[in-house]
2 protein chains.
Amino acid sequence: MNLEPSTRESVAEMLRTRGITPTHQRIEIALVLLEKRWHPSADQILAAVNVRCAETSKATVYNTLKLFLDKGLVRELIVDPNKVFYDSNTSVHHHFYDVVSGEITDIAAAGVRVDGLPPLPAGMVPAGIDIIVRTRPGL
Amino acid sequence: MNLEPSTRESVAEMLRTRGITPTHQRIEIALVLLEKRWHPSADQILAAVNVRCAETSKATVYNTLKLFLDKGLVRELIVDPNKVFYDSNTSVHHHFYDVVSGEITDIAAAGVRVDGLPPLPAGMVPAGIDIIVRTRPGL
DNA sequence: TTGGAACCTGGACTTTGTCTAATTGGATTT
DNA sequence: AAATCCAATTAGACAAAGTCCAGGTTCCAA
Ligand SMILES: [Mn+2]
Ligand SMILES: [Mn+2]
Ligand SMILES: [Zn+2]
Ligand SMILES: [Zn+2]
């Protein structure tokens with residue numbers, strides 16, 4: 001997903017492009033995911049979608065996130081033992097993770113090079129490399 | 001933790017070295033963690049410790065894992081959305097993760113080089129780099 | 001022998017996420 | 001416009017992983 005000025009209509013169009021019927025709830029969730037560069041959990045998304053009044057259910061948030069994941073609109077970040085975070089930036093990149101505050105920051109993939117990895121286990125095909133640089137507030 | 005022929009006594013000694021009073025349960029759990037090169041979840045550890053008869057409780061397994069983690073005997077692997085895995089190999093290394101079977105394989109750190117990472121966010125200090133190479137059974 | 005500290009335990013509880021059966025709503029047909 | 005249909009949504013029950021606590025056990029030192 002790209003970070004551009006997102007009107008409800010442009011988001012609907014983008015969903016259609018990817019073969020997703022743009023319902024009210026799906027548009028709201030997509031808007032929340034795109035509204036800024038962040039890495040929200042399902043809970044945060046639910047809360048953000050329902051700031052004004054409850055219009056979307058927990059089940060729909062989970063259903064929609066799984067749908068978006070499936071259609072490649074969103075990426076899961078497994079970084080915290082307690083919850084999954086969602087990343088609307090689907091281009092290849094990596095993350096800083098502040099183990100104290102839980103804050104996540106993007107690392108652009110351009111320039112990052114990993115050398116010397118051994119060959120994959122027999123019969124395996126690559127499905128992505130995650131680099132997580134864990135950090136802590138300085139001494 | 002090191003992978004050596006582990007008698008109950010040698011494990012007890014090792015725990016003492018790290019300032020951990022070696023109780024029956026803690027020794028059993030350490031033995032399970034060391035018995036082979038694997039990356040068990042808390043559940044698997046509980047099961048393994050209790051193969052013969054139930055001698056250790058869930059609470060103790062979680063308490064002990066947290067204690068071991070604290071004392072640097074064990075490392076957490078955050079790789080699966082559903083459960084934490086524990087790694088008795090505390091030397092710096094990385095992992096293959098088969099997203100289908102869930103199998104985890106070590107990648108020796110020797111030879112792996114990461115270049116071009118941006119500077120850490122202001123005021124942050126490094127707390128470790130995790131590289132997870134996700135794989136899938138071939139086409 | 002007794003007192004205390006550390007340790008262990010069952011089970012209640014919390015959090016995150018899944019599932020299902022019932023309902024809604026919007027497009028399509030008539 | 002009314003009826004129809006089906007995908008999407010929903011409340012709430014459920015499941016899995018993990019935490020917490022109050023009471024019980026063990027062990028050691030005095
Ligand atoms: Mn958890
Ligand atoms: Mn979960
Ligand atoms: Zn990101
Ligand atoms: Zn490992």
Q: What protein N or O atoms touch nucleotides 7-11 of chain D N or O atoms at under 3.5 angstrom, if any, and at what distances?
A:
residue	atom	partner	partner atom	Å
D/dA8	OP1	A/Thr21	OG1	2.6
D/dA8	OP1	A/Arg26	NH1	3.2
D/dT9	OP1	A/Thr23	OG1	2.4
D/dT9	OP1	A/Gln25	OE1	3.2
D/dT9	O3'	A/Gln25	NE2	2.9
D/dT10	OP1	A/Gln25	NE2	3.4
D/dT10	OP1	A/Glu55	O	2.7
D/dT10	OP2	A/Ser57	N	3.0
D/dT10	OP2	A/Ser57	OG	3.1
D/dT10	OP2	A/Thr60	OG1	2.6

Q: Rounding to a whole Å, what distance do you find between A/Lys66:NZ and C/dT16:C1'?
A: 13 Å
Q: For the backbone of B/Phe85 and the side chain of B/Ser41, can you confirm whether one donor and one acceptor N or O come within less than 3.5 Å of each other?
A: no
Q: Would a single hydrophobic cluster contain both A/Ile107 and B/Val114, if residues Ile, Leu, Val, Met, Phe, Trp and Tyr are joined by side-chain heavy-atom contacts under 4.5 Å?
A: yes
Q: Thinking salt bridges, do A/Arg134 and B/Asp130 make one under a 4.0 Å N-O criterion?
A: yes
Q: Through what angle, rounded to 10 degrees, does the axis of the helix from C/dT1-D/dA30 to C/dT30-D/dA1 turn between its ends, using five pairs per end?
A: 10°
Q: Can you check the A/Asn82 CG to C/dG17 C1' distance for me, whole Å?
A: 13 Å
Q: Round to the nearest Å and state the distance from B/Ile29 atom CD1 to C/dC7 atom C1'.
A: 12 Å
Q: What integer distance in Å separates A/Gln44:CD from C/dT15:P?
A: 15 Å
Q: What are the two closest heavy atoms between B/Phe68 and B/Arg26, and how far apart are they?
A: CZ-O, 3.7 Å
Q: Between A/Asp80 (CG) and C/dT15 (P), how many Å, whole number?
A: 14 Å
Q: Is there a side-chain polar atom (N or O) of B/Tyr62 under 4.0 Å from OP1 or OP2 of D/dT19?
A: no
Q: Within the structure provided, determine whether B/His95 and B/Thr105 are in side-chain contact (heavy-atom separation under 4.5 Å).
A: no
Q: To the closest 0.5 Å, what do you measure between CZ (B/Phe96) and CG (A/Leu117)?
A: 6.5 Å
Q: Would you mind reading off the distance between B/Leu15 atom CG and C/dA6 atom P, rounded to a whole angstrom?
A: 18 Å
